[in-house]
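For this chain, numbers begin at 1 and follow the sequence in order. Remember, it's a predicted structure, so these values are computed and weren't measured experimentally.
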Amino acid sequence: MKNKISSIQIVRAVIQLIAFITVPALFITIFSSIGEIISSIADGSFVLLDNLGRLVLILGVFLMTVVWGRFFCGFICSFGAMQDLLNSIGKLIPFKIKVPEKADKWLKLLKYAVLAFVAVGVWGFSVTGDIIWSPWAVFGIYSSLSGWSSLKYFLTLGGALLLLIIIGSLFIERFFCRYLCPLGALFSLVSRFRIYSLKRKPDKCGNCKLCTSKCSMAIPLYKYDEVRSGECINCMKCTSVCPNENISAETLPAISGTVAATAVAGLYYAGVLTSVPDTAAVSELPFQNTFEDATNTIYADGTYKGSGEGFRGDVDVTVTVENGVITDITVDSYKDDKEFFQKAKSSVISGIIKSQSTDVDAVSGATFSSNGIINAVKNALGEEIAEVTEPTAEQTRKHTKHTESATETAEPVTEEVTGPGTEAPEETITSDENSIASEISEQFADGVYTGTGNGFRGATNVTVTVENGEITDITVNTVMTSSFSAALRTE
């Protein structure tokens with residue numbers, strides 16, 4: 001038996017560390033991307049351009065798996081790296097658990113049952129609701145130092161499952177990967193068709209079974225001349241431990257597989273995560289919603305700041321209220337992963353402004369970030385929220401007086417109108433002989449609007465001109481994508 005650590009194990013450990021630091025939530029991203037695509041196809045809301053980043057990531061990782069096997073699991077997955085570390089610590093514990101080969105074989109089927117539950121129950125019917133059920137999500141929170149400011153997530157279902165996985169990993173190597181990982185189940189199915197595989201020379205084997213005893217996934221390697229099991233995560237421990245070098249894998253595919261995984265992750269994060277600046281604000285015109293639409297929640301005019309707890313820490317926002325309605329919500333700071341936060345921000349903020357209420361749905365796959373924004377707005381408004389069912393006489397007079405004043409005035413009204421990812425330029429909106437109340441009955445309110453939308457490789461900025469309630473001009477300031485909805489969705 002070899003006593004020194006092999007070079008491939010050193011390289012693997014270095015790559016695992018780099019992946020843990022740089023892309024700790026990549027495995028969550030892959031799995032949630034699969035779920036979002038399946039869910040959008042099922043409910044008929046799938047849009048190719050909106051899902052290009054997810055498709056690139058998924059196809060890239062699965063193509064890599066078809067060619068080289070489960071290199072992602074063995075080299076890139078941070079959840080797997082955590083289990084490896086825990087098992088190394090667990091070796092110091094005198095008490096050991098040995099899972100019989102036959103029992104191990106049956107237990108490995110559990111992950112397919114977990115995959116079926118997630119695909120049908122969670123993605124299909126949302127049976128978990130708002131329950132924090134995923135141990136991956138809780139792991140993502142505590143993979144950051146800021147996440148340890150509170151231990152409350154360990155009291156959730158996902159937290160309980162994570163504790164179970166931590167304890168299991170101390171005694172059984174890759175406990176979660178073997179028996180419970182739904183993404184591992186998918187990779188296992190795909191990996192069965194891989195082109196490159198481990199090869200063993202049975203004629204030179206002394207049947208010591210060291211390769212089997214060191215296998216992270218407890219594959220009975222002594223039974224095979226060529227290892228094509230979907231359970232193999234390419235940890236290469238079997239090649240490192242064999243004293244006669246009777247089991248081997250081609251080095252080039254191993255290196256290429258790792259490079260491919262890194263390239264795919266880099267492409268996805270470079271193309272999607274940097275697409276919307278952090279300072280993006282979502283704004284709407286005053287009086288865009290009629291007074292009757294806003295009577296269930298009346299706000300006092302002013303500028304308010306508030307905070308809410310997101311995935312990795314506080315989300316800070318500034319809320320602007322004019323003439324009793326929310327006209328602007330700006331995110332001042334956040335600590336969540338940029339990918340998830342940006343996905344939640346535009347949808348949640350536009351939903352709050354449109355409905356004039358914080359009673360909006362969280363974005364699937366970004367629940368923590370969505371709730372952080374919602375709670376921050378609630379915290380900002382605080383005592384300024386008045387729950388009523390009918391407008392008071394004073395509120396009605398205030399609205400009527402302002403509308404009449406706007407009708408009689410021929411002066412231009414200057415407001416800030418921005419789309420996501422833009423600064424807040426001053427745009428001029430000129431009222432005509434009709435009142436603003438009648439103006440908003442048109443399809444669009446007259447004015448010049450700037451909006452930004454997420455493209456495949458970055459943000460696309462456009463300027464839209466509206467005259468007499470109709471779009472008269474659209475100027476593309478950057479590469480064309482889906483910016484029309486960003487500029488006009490507030491209408």
Side-chain angles (χ1 to χ4, degrees), residues 1-21 24 27 70-108 110-111 135-136 138-139 142-143 148 154 159-181 184 188 198 200 206-223 227 229 231-249 254 258:
M1 179 177 177
K2 298 179 180 179
N3 293 321
K4 64 179 183 179
I5 301 176
S6 67
S7 58
I8 188 64
Q9 293 306 316
I10 295 175
V11 171
R12 178 170 173 258
V14 170
I15 293 174
Q16 283 182 305
L17 179 61
I18 293 174
F20 193 95
I21 295 173
F27 59 97
R70 292 173 59 179
F71 272 95
F72 178 85
C73 300
F75 281 76
I76 308 296
C77 180
S78 297
F79 210 70
M82 177 200 74
Q83 293 174 79
D84 288 341
L85 177 61
L86 289 170
N87 191 252
S88 297
I89 297 172
K91 290 177 180 178
L92 302 176
I93 303 174
F95 177 72
K96 306 295 180 184
I97 295 179
K98 175 70 175 177
V99 181
E101 184 177 316
K102 187 174 182 179
D104 179 78
K105 179 180 178 180
W106 285 103
L107 287 171
K108 284 175 178 174
L110 283 174
K111 61 179 173 285
W136 286 357
V138 180
F139 169 78
Y142 292 116
S143 63
W148 289 92
F154 281 118
L161 290 173
L162 179 60
L163 290 173
L164 172 64
I165 292 166
I166 290 174
I167 295 172
S169 299
L170 289 171
F171 300 100
I172 300 174
E173 191 169 4
R174 290 281 179 148
F175 172 76
F176 181 74
C177 298
R178 287 194 203 182
Y179 307 133
L180 299 173
C181 180
S188 180
L198 294 169
R200 180 173 156 271
N207 202 30
C208 64
K209 297 184 180 180
L210 278 174
C211 54
T212 297
S213 66
K214 292 297 180 180
C215 178
S216 296
M217 300 296 286
I219 302 171
L221 300 175
Y222 66 92
K223 294 182 178 180
V227 182
S229 171
E231 300 295 332
C232 178
I233 60 171
N234 295 295
C235 65
M236 302 300 171
K237 288 186 177 181
C238 57
T239 64
S240 302
V241 75
C242 182
N244 300 317
E245 299 182 351
N246 288 330
I247 187 167
S248 61
T258 302

Is the side chain of [X] donor-acceptor paired with the backbone N or O of [Y] at a distance under 3.5 Å, no angle test?
X: T212; Y: L221; result: yes
X: E173; Y: S88; result: no
X: N87; Y: S169; result: yes
X: R174; Y: Q83; result: no

Within the 4.5 Å heavy-atom criterion, are [X] and [Y] side-chain neighbours or not?
X: I165; Y: F79; answer: yes
X: R12; Y: D84; answer: yes
X: W106; Y: P100; answer: no
X: V14; Y: Q16; answer: no
X: F71; Y: I76; answer: no

Pairwise distance [atom1]([X]) to [atom2]([Y]) - rounded to 0.5 angstrom:
X: C177; Y: M217; atom1: SG; atom2: CE; answer: 5.5 Å
X: I8; Y: I15; atom1: CD1; atom2: CD1; answer: 7.0 Å
X: R178; Y: D104; atom1: CZ; atom2: CG; answer: 5.5 Å
X: C238; Y: I247; atom1: SG; atom2: CD1; answer: 4.0 Å
X: Y179; Y: L110; atom1: OH; atom2: CG; answer: 9.5 Å
X: K91; Y: L170; atom1: NZ; atom2: CG; answer: 12.5 Å

Can you name the closest pair of heavy atoms from [X] and [Y] and give their distance?
X: G159; Y: V138; value: N-CG2, 3.6 Å
X: I233; Y: C73; value: CG2-CB, 3.8 Å
X: L210; Y: V241; value: O-CG1, 3.8 Å
X: Q9; Y: S240; value: NE2-OG, 3.5 Å
X: M236; Y: T239; value: O-OG1, 2.8 Å
X: S78; Y: P24; value: OG-CA, 3.3 Å

Within 6.0 Å of NZ in K98, more than 12 heavy atoms from elsewhere: no
Check against side-chain contact (heavy atoms from CB on, under 4.5 Å), Y222 and S213: CA-CA 10 Å; Y222 66 92; S213 66; over 6 Å; no
Close aromatic pair by centroid cut-off 6.0 Å: F27 and F139: yes
Chi angles and distances behind the side-chain contact (heavy atoms from CB on, under 4.5 Å) call for E231, S188: CA-CA 6 Å; E231 300 295 332; S188 180; 3.7 Å; yes
